[in-house]
Participant: 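Sharing a structure below in structure tokens format, with a few things to ask.
Here the structure is a predicted model, which is why all the values come from computation and not from measurement. Chain naming here is simple, since letters A, B, ... match the order of the sequence lines and numbering starts at 1 in each.
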Amino acid sequence: MIEKKEIVEKVIFENQIEKLNPVQERAVKMGILEGESLVVSSPTSSGKTLLAELAGLNVTLNKRKKMVYLCPLVALAREKYEDFKRKYQKYGIKVALSVGNYDSSDPWLSRFHWIVCSNEKFDSLIRHEAPWINEIGVVVADEIHLLDDPNRGPTLEILLTILKEILPRAQILAFSATIQNAEEIGEWLGAKVLKSDFRPVPLYKGISFDGKIKLFGFKEYKLSEGLGLEESIVENTLLMKKQLIFFLSSRRNTEALAEKLSKLVFHFLEEKEIEGLKKISQAIENTLEIPTEQCKKLARCVEKGVVFYHSGILFDQRILVEEAYKKGLIKVITSTTALAYGLNLPNFRAVVRDAKRYYPGLGSIYLPVLEVEQMFGRSGRPKYDDWGEGILVAKNEKEVEELESYYLKGELEEISSKISTESALRIHILSLVSNHFLKSETEIFEFFKKTFFGKKYREISVLKEKIEETIFLLESWGFLERKEGKLNATKIGRRISQLYLDPLSANLFIESLKGCQKANEFTLFCLLAKAGELKPSPSLTTKDAFLVEEEILKNEEFFFFQMPDEFDEEYEEFLREAKLATIFSFWIEEKTEGEIMEKLKITPGELHSRVEISDWLLYSILEISKLVPFEQEIKKELKKLRVRLRYGIKEELVPLVSLRGIGRVRARALFDSGFGSISKIKEAKTEDLVRVLKSQTLVKKLKSEL
DNA sequence: GATGGACCCGTCTAGACAGCATGTC
DNA sequence: CTAGACGGGTCCATC
């Protein structure tokens, strides 16, 4: 048994602080170390993670129970995992990371005390009925305002509802950015509510207009004349020897602004910095075998101390960029919202240049206050800055007033439930029934009454109808069945739920492929592209349309599902799907990323993420095919296609990439040098292989494996 | 005749979770 | 019902 005092001391020591901050102190007083559940609503940098550490130590050391720490982003989960391990491994705490690309539901997780997960991964672990669930003593849900997200909120909501049911005695810590209705969430979770505005470094918010930056209740900067608006803000920041992040509405804007600013920022660099940046710039340019235009552009900007940051950037480049910013080499980042939620990139000043964002069907409208707050969130680095700044840019006088009343004096939005969307109901009802958690329609209704939706609106009659419809659909697709008033998942239904596939997509695949005999690569890609998992489809320019239609025509005879007519409403969406199929086709024809990007305007980062999703979809289809009668030929085709897509290779290289350490480029090199099969490689002389692969160690490994 | 700025008009729009097989935190 | 920045093309002034 470890005293409360001792736990607090350990945590204080490991975090290298002198004492608990006001938020943390209140949490302790409210009983975080007595197993009290809490909803904590406070700013980004207010030290919420430390609360998890307190509860985790208490639960593990005193009760021999586990902590599960739920994160909305894999990057965030990784960060927490590294952090926890570094601090608490020495006290005997075993920390594990469990996210999509990292491991599976194996019982091995039961050996660990603290398990850091993404929300969806934990949902999946429950679907696989992980045996250690009942050893959980505390569940921490980070960034719980994600509940409001139409795509990903429902998973978190269902997850927490389930946890409350199966672990009624577990402690729940729900962390949120400052939100309007933390009390409602507290009521739902049966938790006390801790609201605070505390920040370790004060944040001043303001508006920039007419050559000035006015910080509310603080000071005013006069910007130099003769420079563009963004340039003058940058100059003002750099003269103070600080860094800043611009938030813009589109990727294209981030790239354009970064290039524009690089001309100015360059003059502020010191000799040493230029050297360092040159190295990073080269690394960025050479991330891919053949750099794409975007890679070159980013490299150019980095050289001058500026980067643009959005989801089209490759993963490795992101890492390089983040490190360089943390070191202070990069002076300015121009970013989309990609940076607002993600990782911990402390800076001095955040400038929201585009407070409006385009929403399809809505035009361009103001961002939610919460989102802007997130962008401001990390401004002001403890130990470096005495304060931080969050600045909105106004385009005219009217906007000055609007921004002021909306963002600076206005109220935060409420968090609401998004659980009533069709896709959420589809996915979660199937999952809840398939793991035997709910066994009848009545039980489903009862369950939904206990969700945040049910608690917030006090009744679910609106939902009831939708739930009935959903059950009907799942039944008609053969994923659920009814026996004596009880609901049950069919074998295939259960598998679909475990594969984490949207039942709608699963049904699409099954119906399209059942009895199909004549598909080819392109048309199979077209089918994949119809799935919601790959939406939104890439956008289509008039030039693309021409190219894509050509491709469709070429493969016309291999279409195994109905193509919409040119005059149909769905035709344009079909073309966009076919565009993705075209991109994939080029990819497996071994066209370079640069070529694909140039022809069809897709960023390298986007290509890779689509490939990854498709790999998962193809795997899932193959798994489904074990339970439904597909033609043998189609199965073979799918299997081959999966390998080709993952590596981006022609058919002839398929056998070669099964060797470890051999991917797209090396396989091509081997093939072109006459080593086109495993047996030929076996027979080949070592020195010949070394000549082709340019690596002694690789060849040695290869030979020893064969 | 080349260069470059002003202006018009069409185009296009953020992000990122999950399976599994590996060998290991 | 609702936007706005970019970039390519065009025209025209200037040297």
Participant: Under 30°, 30 to 60°, or over 60°: which ring-plane class applies to Y366(A) and Y407(A), parallel, tilted or perpendicular?
Facilitator: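 Geometry flag for Y407(A) against Y366(A): perpendicular rings.
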
Participant: Under 4.0 Å, heavy atoms only, any strand: does S620(A) hit a base, just the sugar-phosphate, or nothing?
Facilitator: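 If one applies the 4.0 Å heavy-atom cut-off, S620(A) turns out to touch nothing in the nucleic acid.
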
Participant: Nearest whole angstrom, please: distance from the C1' of dG15(B) to the CD1 of I313(A).
Facilitator: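 These atoms are roughly 13 Å apart.
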
Participant: Report, as yes or no, whether the 6.0 Å neighbourhood of atom CD on E401(A) holds more than 12 heavy atoms from other residues, nucleotides or ligands.
Facilitator: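 Counting neighbours around CD of E401(A), 12 or fewer heavy atoms of other residues, nucleotides or ligands fall under 6.0 Å, so no.
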
Participant: Could you tell me which residues satisfy side chain to side chain donor-acceptor pair (under 3.5 Å) with S250(A), sequence neighbours excluded, listed by chain and number?
Facilitator: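 By the side chain to side chain donor-acceptor pair (under 3.5 Å) rule, S250(A) matches N253(A).
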
Participant: State the dot-bracket string of DNA chain C. Criteria: Watson-Crick or G-U wobble, both atom distances under 3.5 angstrom; notation: ( ) intrastrand, [ ] crossing earlier pairs, | interstrand, . unpaired.
Facilitator: ..|||||||||||||

Participant: Expressed in angstrom and rounded to an integer, what is the separation of D123(A) atom CG from dG19(B) atom C1'?
Facilitator: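 Checked: the CG to C1' distance equals 13 Å.
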
Participant: Return the set of residues passing salt bridge (Lys or Arg N to Asp or Glu O under 4.0 Å) with R666(A) (not counting sequence neighbours), or none when no residue passes.
Facilitator: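 Applying salt bridge (Lys or Arg N to Asp or Glu O under 4.0 Å) to R666(A) gives none.
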
Participant: Please state how far atom CG in L146(A) lies from atom C1' in dA18(B), giving the value in whole angstrom units.
Facilitator: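 For the pair L146(A) CG and dA18(B) C1', the rounded distance is 14 Å.
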
Participant: Please list, chain by chain and in numerical order, all residues satisfying salt bridge (Lys or Arg N to Asp or Glu O under 4.0 Å) with K260(A), sequence neighbours excluded.
Facilitator: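 K260(A) satisfies salt bridge (Lys or Arg N to Asp or Glu O under 4.0 Å) with E230(A) once adjacent residues are dropped.
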
Participant: According to salt bridge (Lys or Arg N to Asp or Glu O under 4.0 Å), who are the partners of E129(A), at least two apart in sequence or on a separate chain?
Facilitator: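 Once residues adjacent in sequence are excluded, E129(A) has no partner under the salt bridge (Lys or Arg N to Asp or Glu O under 4.0 Å) criterion.
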
Participant: What is the distance, to the nearest angstrom, from the CZ atom on R610(A) to the P atom on dC17(B)?
Facilitator: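 About 14 Å, once rounded to whole Å.
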
Participant: Contact class for R318(A) (heavy atom, under 4.0 Å): base, sugar-phosphate, or nothing?
Facilitator: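 The answer is sugar-phosphate, as R318(A) gets under 4.0 Å only of primed atoms, P, OP1 or OP2.
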
Participant: Among the nucleotides dG15(B), dG19(B), dA18(B), which one has an atom lying closest to any side-chain atom of E120(A)?
Facilitator: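 Per side-chain heavy atoms of E120(A), the pick is dA18(B).
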
Participant: Base, sugar-phosphate, or nothing: which does N119(A) touch, judged by heavy atoms less than 4.0 Å apart?
Facilitator: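 No contact.
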
Participant: Under the salt bridge (charged side-chain N to carboxylate O under 4.0 Å, His left out) definition, can you give me all pairs with a residue in residues 308-318 of chain A, not counting sequence neighbours?
Facilitator: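 Sorted pair list comes back empty.
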
Participant: Taking only nitrogen or oxygen atoms into account, show me every contact under 3.5 Å that the protein makes with nucleotides 4-7 of chain B, one pair per line with its distance.
Facilitator:
none

Participant: Out of dA14(B), dC20(B), dG15(B), which has the shortest distance to the side chain of R357(A)?
Facilitator: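 Among the listed nucleotides, the one closest to the side chain of R357(A) is dA14(B).
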
Participant: Please give, in whole Å, the distance from dC20(B) C1' to E623(A) CD?
Facilitator: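 Atom CD in E623(A) sits about 8 Å away from atom C1' in dC20(B).
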
Participant: Specify the separation, in whole Å, of atom CD1 of I158(A) and atom C1' of dA18(B).
Facilitator: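 Taking CD1 of I158(A) and C1' of dA18(B), I get 16 Å after rounding.
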
Participant: Please report the distance, rounded to the nearest Å, between CD in E82(A) and P in dC25(B).
Facilitator: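 One finds 12 Å between P of dC25(B) and CD of E82(A), rounded.
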
Participant: If the threshold is 4.0 Å, N to carboxylate O, is there a salt bridge linking E533(A) and R610(A)?
Facilitator: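 Result for this pair is no, no salt bridge flagged.
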
Participant: Which parts of residues 489-503 of chain A get close to DNA chain B, meaning a heavy atom less than 4.0 angstrom away?
Facilitator: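 Here the set is R495(A), Q498(A), L499(A), Y500(A).
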
Participant: Applying salt bridge (Lys or Arg N to Asp or Glu O under 4.0 Å), can you list everything that pairs with K530(A), at least two apart in sequence or on another chain?
Facilitator: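 Result, salt bridge (Lys or Arg N to Asp or Glu O under 4.0 Å) vs K530(A): none returned.
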
Participant: Starting the side chain at C-beta, find the nucleotide from dT11(B), dA14(B), dG19(B) nearest to R252(A).
Facilitator: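 Comparing dT11(B), dA14(B), dG19(B) against the side chain of R252(A), the answer is dT11(B).
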
Participant: On a whole-Å scale, what distance lies between the C1' atoms belonging to dA16(B) and dA3(C)?
Facilitator: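 After rounding to an integer number of Å, I get 26 Å for this pair.
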
Participant: 5' to 3' on DNA chain C, which nucleotides open and close the contacts with chain A (atom under 4.0 Å from a heavy atom)?
Facilitator: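 Under 4.0 Å from chain A, the extent on DNA chain C is dT2(C) to dC6(C).
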
Participant: For Y91(A), does the OH atom have more than 12 heavy-atom neighbours from other residues, nucleotides or ligands under 6.0 Å away?
Facilitator: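 Check passes, neighbour count above 12.
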
Participant: W616(A) has an atom CH2; how far is it from atom P of dA18(B), in whole Å?
Facilitator: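 Going from W616(A) (CH2) to dA18(B) (P), I get 9 Å.
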
Participant: Any strand is fair game: report the nucleotide pairing with dA18(B) by Watson-Crick or G-U wobble, both distances under 3.5 Å, or none.
Facilitator: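 Check on dA18(B): unpaired, no WC or wobble geometry under 3.5 Å.
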
Participant: What interatomic distance, in whole Å, is found between C1' of dT13(B) and the corresponding atom of dT2(C)?
Facilitator: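 Comparing C1' positions in dT2(C) and dT13(B) gives a spacing of 15 Å.
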
Participant: Which listed nucleotide (dC25(B), dC20(B), dA18(B)) is nearest to the side chain of H128(A)?
Facilitator: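 Within the option list, the nearest is dC20(B).
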
Participant: Salt bridge check, E402(A) against K395(A): does any charged N sit closer than 4.0 Å to a carboxylate O?
Facilitator: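 Judged by the 4.0 Å cut-off on N to carboxylate O distance, K395(A) and E402(A) do not form a salt bridge.
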
Participant: At 4.0 Å (heavy atoms only), tell me whether V95(A) reaches a base, stays on the sugar-phosphate, or touches nothing.
Facilitator: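 If one applies the 4.0 Å heavy-atom cut-off, V95(A) turns out to touch nothing in the nucleic acid.
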
Participant: Any side-chain to backbone donor/acceptor pair from S512(A) onto F509(A)? Under 3.5 Å, distance only.
Facilitator: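 No: the side chain of S512(A) does not pair with the backbone of F509(A).
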
Participant: Counting just side-chain N and O atoms, does S124(A) come under 4.0 Å of either OP1 or OP2 of dC17(B)?
Facilitator: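 Looking at the OP1 and OP2 atoms of dC17(B), neither is under 4.0 Å from any side-chain N or O of S124(A).
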
Participant: Taking side chain to side chain donor-acceptor pair (under 3.5 Å) as the definition, give me every residue that meets it alongside E53(A), ordered by chain and number, with sequence neighbours left out.
Facilitator: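 E53(A) satisfies side chain to side chain donor-acceptor pair (under 3.5 Å) with N15(A), K87(A), Y88(A) once adjacent residues are dropped.
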
Participant: Taking side chain to side chain donor-acceptor pair (under 3.5 Å) as the test, write out the residues that go with W587(A), two or more places apart.
Facilitator: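 For W587(A) there are no side chain to side chain donor-acceptor pair (under 3.5 Å) partners, ignoring immediate neighbours.
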
Participant: Please determine, for the side chain of T336(A), which listed nucleotide (dA14(B), dT13(B), dC17(B)) has the closest atom?
Facilitator: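 Of the options given, the side chain of T336(A) lies nearest dA14(B).
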
Participant: Out of dG15(B), dG19(B), dC25(B), which nucleotide sits closest to the side chain of Y81(A)?
Facilitator: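 Nearest nucleotide to the side chain: dC25(B).
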
Participant: Indicate, with a heavy-atom threshold strictly under 4.0 Å, whether K395(A) touches base, sugar-phosphate, or nothing.
Facilitator: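 Sugar-phosphate only.
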
Participant: Using a cut-off of 4.0 Å on non-hydrogen atoms, how would the nucleic acid contact of T155(A) be classed: base, sugar-phosphate, or nothing?
Facilitator: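 Touches nothing.
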
Participant: Of T470(A), D502(A), T421(A), which is the lone residue that meets side-chain hydrogen bond (donor to acceptor under 3.5 Å, both in side chains) with R426(A)?
Facilitator: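 Result for side-chain hydrogen bond (donor to acceptor under 3.5 Å, both in side chains) with R426(A): D502(A).
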
Participant: State, to 0.1 Å, how close N507(A) and F479(A) come at their nearest heavy-atom pair, and which atoms those are.
Facilitator: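 Shortest heavy-atom contact: N-CZ, 3.9 Å.
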
